[in-house]
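Working notes, beginning with the structure itself.
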Amino acid sequence: QLYAGNAYFIVLGSDCEEDTISAAAFDPEQRLIKTPPDSAPGKLVFHLTPKKSGAHYLRLQQKAKRAQPTRCALTYVYR
C-alpha cells in the first residue's frame with residue numbers, strides 16, 4: 001500500500017551485472033504509471049509519488065534468459 005503525498009523510491013538489484021531487468025509500475029486501478037525507472041545493468045530505481053492511496057503493483061521481467069536463476073533484492077524508502 002502506497003499513500004498519496006509520500007515520495008517512494010523502490011530499488012532493485014540483481015546478483016549479476018549482465019542481467020537486463022525491465023520493470024513497470026501500476027496504480028490502484030491497474031493503469032500503467034508512465035514514469036520509467038532509472039536503470040543500469042542489474043539495477044533499477046523507481047521514484048513514485050502516488051496521487052491516490054492504495055495498492056500499487058510492480059511487474060519485473062528478466063529480458064535475457066540465463067542458465068542460472070537470477071537472485072535479486074528489492075527494497076523501498078519513503079518520505
Side-chain angles (χ1 to χ4, degrees):
Q1 172 119 351
L2 302 183
Y3 296 95
N6 287 348
Y8 294 87
F9 294 88
I10 301 168
V11 181
L12 177 124
S14 124
D15 65 344
C16 180
E17 291 219 0
E18 288 101 37
D19 278 340
T20 304
I21 301 166
S22 66
F26 298 87
D27 69 11
E29 286 79 35
Q30 300 181 0
R31 293 181 302 226
L32 178 66
I33 297 171
K34 297 188 184 203
T35 304
D38 294 327
S39 64
K43 301 171 188 73
L44 287 172
V45 178
F46 268 104
H47 175 226
L48 302 173
T49 306
K51 294 180 176 148
K52 291 179 68 176
S53 297
H56 287 64
Y57 306 91
L58 186 63
R59 181 181 63 205
L60 304 172
Q61 184 175 17
Q62 183 181 11
K63 289 185 179 180
K65 300 294 182 202
R66 291 182 33 198
Q68 298 176 341
T70 296
R71 292 184 297 267
C72 62
L74 179 70
T75 191
Y76 76 98
V77 295
Y78 69 93
R79 56 181 167 126

* To do: Rounded to the nearest 0.5 Å, what's the gap from CZ on Arg71 to SG on Cys16? Could you check?
  => 10.0 Å
* Asked: Which residues satisfy the side chain to side chain contact (heavy atoms under 4.5 Å, CB included) test with Asn6, sequence neighbours excluded?
  -> Tyr3, Tyr8, Tyr78
* Asked: Got a sec, which pairs hit salt bridge (Lys or Arg N to Asp or Glu O under 4.0 Å) with one end in residues 3-13, sequence neighbours left out?
  -> none
Give the table of side-chain donor-acceptor pairs shorter than 3.5 Å for residues 31-49, with sequence neighbours excluded, one pair per line with atom names and distance.
{"from": "Arg31", "atom 1": "NE", "to": "Asp27", "atom 2": "OD2", "distance (Å)": "3.1"}
{"from": "Arg31", "atom 1": "NH2", "to": "Asp27", "atom 2": "OD2", "distance (Å)": "3.1"}
{"from": "Arg31", "atom 1": "NH2", "to": "Glu29", "atom 2": "OE1", "distance (Å)": "3.2"}
{"from": "Lys43", "atom 1": "NZ", "to": "Glu17", "atom 2": "OE2", "distance (Å)": "3.4"}

* To do: Output every pair passing ring pair (Phe, Tyr, Trp, His ring centres under 6.0 Å) with a member in residues 51-70, not counting sequence neighbours, ordered by first then second residue.
  => none
* Is Phe26 linked to Leu2 within one hydrophobic cluster, defined over Ile, Leu, Val, Met, Phe, Trp and Tyr using a side-chain heavy-atom separation of less than 4.5 Å? -> no
* side chain to side chain contact (heavy atoms under 4.5 Å, CB included) assessment of Leu58 paired with Leu12 -> CA-CA 11 Å; Leu58 186 63; Leu12 177 124; over 6 Å; no
* Locate the shortest heavy-atom distance separating Pro28 from Ser53; write the atom from each residue and the value. => CG-O, 4.0 Å
* With ILVMFWY side chains joined below 4.5 Å, transitively, what does Phe9's cluster contain besides itself? -> Val77
